[in-house]
A.B. asks: 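I have a structure here, written as structure tokens, and I will follow up with some questions on it.
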Amino acid sequence: MSDLEEEYRLEYFEEHGFHRKQCPECGDHFWTLDPEQETCGEPPCDEYSFIDDAGFEAEFELGEMREAFLSFFEERDHERIEPYPVAANRWRDDVLLTQASIYDFQPLVTSGTTPPPANPLTISQPCIRMQDIDNVGVTGRHTMAFEMMAHHAFNAREDIDDPGQYAYEGEVYWKEETVAYCMELFEELGADPAEVTLIEDPWVGGGNAGPAFEVIYKGAELATLVFMQFEADPDGEYEMKDGNRYSPMDTYIVDTGYGLERWTWVSQGTPTVYEAVYPEMIDFLTDNAGIDHTSEEEAIVHKAAKLAGRMDIDEAKDVEAARDDIAAEIGVETDRLRELVEPLESIYAIADHSRTLAYMLGDGIVPSNIGTGYLARMVLRRTKRLVDDVGVDAPMDELVDMQAERLGYSNRDTIRDVVRTEVERYRETLERGRRRVEQLAEEYEDSDDPIPGAELVELYDSHGIQPDMVAEIAAERGVDVDVPEDFYSAVAERHEATDAGADSEEATSHGERLVDLPETERLYYDDQERMEFEAVVLEVFEREDGDYDVVLDQTMFYPEGGGQPPDHGTLSTEDVTADVTDVQITDGVIVHTCDADPGTGDFVRGKVNAIRRRRLMQHHTATHIVVHSARQVLGEHVRQAGAQKGTDSARIDVRHYERVSREEVKEIERIANDIVTDNGQVTQEWPDRHEAEAEYGFDLYQGGIPEGERIRIVQVDEDVQACGGTHVSRTGDVGAIKLLSTERIQDGVVRLTFAAGEAAIGATQRTEDALYEAAEVLDVDPEDVPETAERFFEEWKARGKEIEELQQELAETRASGANEGDEVDLDGTRAVIQRVDGGMDELRATANAIAEDGAVAVVGSATGGAQFVVAAPEGSGVDAGAVVGELAERVGGGGGGPPDFAQGGGPDADALDGALESAPDVLRQIKSA
RNA sequence: GGGCCCAUAGCUCAGUGGUAGAGUGCCUCCUUUGCAAGGAGGAUGCCCUGGGUUCGAAUCCCAGUGGGUCCA
């Protein structure tokens, strides 16, 4: 096994007189210029020493610090790169949020597949780390949202077989330069290099690893310098702290992270990072919440803040014990300290969370029950609770807007709208929850039992009601709540029990043999209107189902991809004409599934089914137009969440926070058809990916992230997207666009189904057919259908009521007047046995009427099989349920009910009369039993 | 992407295979002319939709639609 120690012995340290030491407290190794230094300099081994004693020559505001950093590296030949969105799932599918600047370049750039936008580069990347959520506000240094300032250099080894296989070659710079830059930056800002400590701290993450330094200055961790150079390998020579083995890779990357907020904080020396980063917002919130400390209280808070670094829930085992220690050290009661500090902690958290929300919503994340949307919802609800608890009396949308304005977002109106909608939604959830809990509390009010844990789990998991909220509401009614210790693991367990993951394996029958074939030349991009071509058959595979998979040197057939179904058509030689039923692409090789074998090595003439292709192209272009129109109507946040094109209709799923109204649908349809009428050119080009990203942003990648240096982008009207599909050449060729339906397929995702061209006409005609048919049935003009339908529906209901009343009357008449029913005497109790051929309602009414007269009623009917109703007045001594059971058995069925009123029946209608005849005997038997 | 919960009167919700309910609101009358007043009477329902099981489904099963919620 090889140790990393050698990796940290830099010439830079040697030349500048650094010493390597080991911290007696935590055991970490570190480098320092100060021969006297003993501990590593980082809390809890050391304390902050920059509070009230700012660490740099000048104080910086956030923006000034960012600029200072970026221009420092710009002056040193780094290119400044614009930040990426915080929603990392826009360009990668393994994570939801951007948590570090290196995320911007994973996985394609780090693996060497795609070149970096610049090399070396510098950036200040907004990041969100949800895992720090419990520390925010408490420790004084943790924020959920932050900017990671960084410089990166992407290097590739030259001593390998084929250095040209990667998108970059050679070494830009490595460890020596990285450490030198770091120290130089400190000196430029006026820090004493002797106060800087570099702790050896190997880094592991996402299957990669490497040596790294944590850079500590005056107690604060200000930078991490990571030298990514290993990849996971069971036979690797390095074992890292995660217990896995790693071996060197061909690319090696400088990955640094300088926390903008920490640097700003140290430059100002305020008690907490929050006061340095968004002082106006903290002032606003403290004022608003009416927090006004005396100077003595102020002093306590101030002292506590200096020590608050110990309250890291990840490191301090018991946060409350840490609070006790702090209280003891500054000489106040723990309770008093908590009373003073907790509201401030909430306010810090509110400011941070508002900023987090501004980033998320500003980048177009829509609150939802899935993905990043769910995270946004969680943050928003948590913030709302904090706001209410601490008594801030400002609407949430205003708080988020304060941060959005500061961050320079232009879609602030949408952000506010989203926040308002979401807050309202939360209010409704809480109200629903309150009613539910009150009801539950009522159930337990009379018993002395507390509300059990299982109920709490159910309330939380299915209804989103926190246990402490249940406790609060239950307490109002004097009901206890039994919160299990392991509440959240009980919730998790509930999920695990039902999670049965079934992995579907993708079976590519002859995938391996495809690898040796050259990439198929794609003619469909050259001229999307052309449908015929000639090609050479490179290989034919016979399929298990008897069809053939044919690979050509070039093709006009579009393979399934980007939600566009494959082309159909024919491949013909002199002798054979094969129908193409499917076309797929694997690693650049296009496979045509045919019903005949054209023969390897032969020339074939390919002919694409032009009608099908044209319809697919119309729908594909229409999809771009509809998304673009929806964006204008619903807002800038609208983004594609999936799409499927077809020949008769297409659907597009779009992120949006509300249901789409009928008015909005009409507006989208109108704008879409305006674009069609304008008949603008639909263009495609293959620009450099980084240039395209710089020009159009990541909204390019609505349909997925393509690989490679150059990407294909398609422009329709003002809409630009990376797209591999085929399109008509002018918007007018789409013909017409008709929105067919909208549905909300998930919270925050709306599906728009529409038809284009001929299909649009067809769809409209179908709708009209339905209307005309309905009109014909009602015998009115089509435009009168709604009114007539309503009238008919009302009348139908009125008739129903009338029938019921008449049945009632009829039944009463029957019961009272002379009728054909047989009267039997059962030891003084009268019984009436009667056949009434009618529905169940009629039978019931008749039986009731007879029973009201004081007689036992046995009523039978032969409509729809045999049916009985038996009613027994109180004190008759007859169990109606038993009677029905007995009678129903005779008609091959069953029945039952309470003793005073029962019903039943069976399929054998012919046996009805026989059963009724035996009724007197049955009654006597039951009565005497 | 997965799990769970819900859908019944205008509203909030009970309902256990056997005659669809309560509170509130609504209408009428009475009492009182007093602030969420009291009394009496009355009207309100495709029990979300479509299948299935059953003699019989608001109730059980399946699918769909709409809503809620938790997790990754």
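Each chain gets a letter, A, B and so on, in the order the sequences are listed, and its residues count up from 1.
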A.B. asks: If you measure from the C1' atom in A58(B) to the same atom in U19(B), how many Å do you get, rounded?
C.D. replies: 14 Å
A.B. asks: Within this structure, what is the OG-CZ distance for the pair Ser918(A) and Arg890(A), rounded to the nearest 0.5 Å?
C.D. replies: 4.0 Å
A.B. asks: Distance check: side-chain N/O of Lys801(A) vs OP1/OP2 of G45(B), anything under 4.0 Å?
C.D. replies: yes
A.B. asks: Of all the choices, U65(B), C55(B), G67(B), which nucleotide is nearest to the side chain of Glu743(A) once you look at every atom?
C.D. replies: U65(B)
A.B. asks: With distance as the sole criterion, do the side chain of Asp461(A) and the base of U69(B) form a donor-acceptor contact below 3.5 Å?
C.D. replies: no
A.B. asks: Could you check which of G67(B), U69(B), C5(B) has an atom nearest any side-chain atom of His463(A)?
C.D. replies: C5(B)
A.B. asks: By nearest heavy atom, map Gly892(A) and Glu794(A) onto RNA chain B; which one lands nearer the 5' end?
C.D. replies: Glu794(A)
A.B. asks: Provide the distance between the two P atoms, one in U49(B) and one in A7(B), to the nearest whole Å.
C.D. replies: 13 Å
A.B. asks: Identify whether the distance between the nearest side-chain nitrogen and carboxylate oxygen of Asp468(A) and Arg385(A) falls below 4.0 Å.
C.D. replies: no
A.B. asks: At under 4.0 Å between heavy atoms, how does the protein contact nucleotides 9-20 of chain B? Give one character per nucleotide, 5' to 3', with B, S or -.
C.D. replies: ---SSS---BB-
A.B. asks: Any side-chain N or O of Thr429(A) below 4.0 angstrom from OP1/OP2 of U69(B)?
C.D. replies: yes
A.B. asks: Considering only atom P, compute the distance from G17(B) to C60(B) and round it to an integer number of Å.
C.D. replies: 8 Å
A.B. asks: With a non-hydrogen cut-off below 4.0 angstrom, is Arg890(A) in contact with a base, only sugar-phosphate, or nothing?
C.D. replies: nothing
A.B. asks: Between Tyr460(A) and Tyr488(A), does the ring-ring contact (aromatic ring centres under 6.0 Å, His included) criterion hold? Intermediate values first, please.
C.D. replies: CA-CA 10 Å; Tyr460(A) 177 70; Tyr488(A) 287 95; 5.5 Å; yes
A.B. asks: Any side-chain to backbone donor/acceptor pair from Gln99(A) onto Arg129(A)? Under 3.5 Å, distance only.
C.D. replies: no
A.B. asks: For the pair made of CD1 in Ile370(A) and P in G68(B), what is the distance, rounded to whole Å?
C.D. replies: 14 Å
A.B. asks: Contact between Met144(A) and His353(A) at the side-chain level, heavy atoms closer than 4.5 Å - yes or no?
C.D. replies: yes
A.B. asks: Write down the distance between CD (Glu804(A)) and P (A43(B)), rounded to a whole number of angstrom.
C.D. replies: 11 Å
A.B. asks: By the definition side-chain contact (heavy atoms from CB on, under 4.5 Å), identify the one residue from Tyr103(A), Tyr359(A), Tyr84(A) that meets it with Thr98(A).
C.D. replies: Tyr103(A)
A.B. asks: For the atom pair CD (Glu422(A)) and CE (Met396(A)), what is the distance rounded to the nearest 0.5 Å?
C.D. replies: 9.5 Å
A.B. asks: Give Arg434(A) one of three labels, base, sugar-phosphate or nothing, depending on what nucleic acid heavy atoms sit under 4.0 Å from its own.
C.D. replies: nothing
A.B. asks: Could you grab the distance from atom CD of Glu669(A) to atom CD of Glu664(A), nearest 0.5 Å is fine?
C.D. replies: 13.5 Å
A.B. asks: Scan Met378(A) against the nucleic acid and name what it touches under 4.0 Å (heavy atoms): base, sugar-phosphate only, or nothing.
C.D. replies: sugar-phosphate
A.B. asks: Ile365(A) pairs by side-chain contact (heavy atoms from CB on, under 4.5 Å) with which of Leu375(A), Val418(A), Leu97(A)?
C.D. replies: Leu97(A)
A.B. asks: May I ask you to say whether Arg427(A) pairs ionically with Glu431(A), meaning some side-chain N is under 4.0 Å from a carboxylate O?
C.D. replies: yes
A.B. asks: Which distance, rounded to the nearest 0.5 Å, do you find between the CD of Glu438(A) and the CD1 of Ile473(A)?
C.D. replies: 6.5 Å
A.B. asks: Roughly how many Å apart are C48(B) and C6(B), using the P atom of each and rounding to a whole number?
C.D. replies: 13 Å
A.B. asks: Please measure how far the C1' atom in C70(B) lies from the corresponding atom in C47(B), and state the result in whole Å.
C.D. replies: 29 Å
A.B. asks: What is the distance, rounded to the nearest whole Å, between atom CD of Glu805(A) and atom C1' of A43(B)?
C.D. replies: 11 Å
A.B. asks: Regarding Gly800(A), tell me which of base, sugar-phosphate or nothing describes its non-hydrogen contacts under 4.0 Å with the strands shown.
C.D. replies: nothing
A.B. asks: Between atom CG in Asn369(A) and atom P in A72(B), what is the gap in whole Å?
C.D. replies: 14 Å
A.B. asks: What is the distance, to the nearest angstrom, from the CZ atom on Arg425(A) to the P atom on U69(B)?
C.D. replies: 7 Å
A.B. asks: Determine the interatomic distance between C1' on C11(B) and the same-named atom on U44(B); round to the nearest Å.
C.D. replies: 13 Å
A.B. asks: What is the distance from CG of Leu380(A) to P of C70(B), rounded to the nearest Å?
C.D. replies: 12 Å
A.B. asks: Roughly, in whole Å, what's the span from CD in Glu428(A) to C1' in C6(B)?
C.D. replies: 15 Å
A.B. asks: So which nucleotide from C46(B), G66(B), C70(B) ends up closest to the side chain of Phe793(A)?
C.D. replies: C46(B)
A.B. asks: Quick one: is Arg744(A) getting a side-chain N or O under 4.0 Å of the G68(B) phosphate, OP1 or OP2?
C.D. replies: yes
A.B. asks: Please state how far atom CG in Asp908(A) lies from atom P in C55(B), giving the value in whole angstrom units.
C.D. replies: 12 Å
A.B. asks: When the nearest nucleotide of RNA chain B is assigned to Gly906(A) and to Lys797(A) on a heavy-atom basis, which residue is associated with the more 5' position?
C.D. replies: Lys797(A)
A.B. asks: Can you tell me which stems RNA chain B forms, taking runs of 3 or more consecutive Watson-Crick or G-U pairs with both distances under 3.5 Å?
C.D. replies: B:1-7 with B:65-71, B:10-13 with B:21-24, B:26-30 with B:38-42, B:48-52 with B:60-64
A.B. asks: Kindly point out which of C70(B), C4(B), U44(B) is positioned nearest to the side chain of Glu458(A)?
C.D. replies: C4(B)
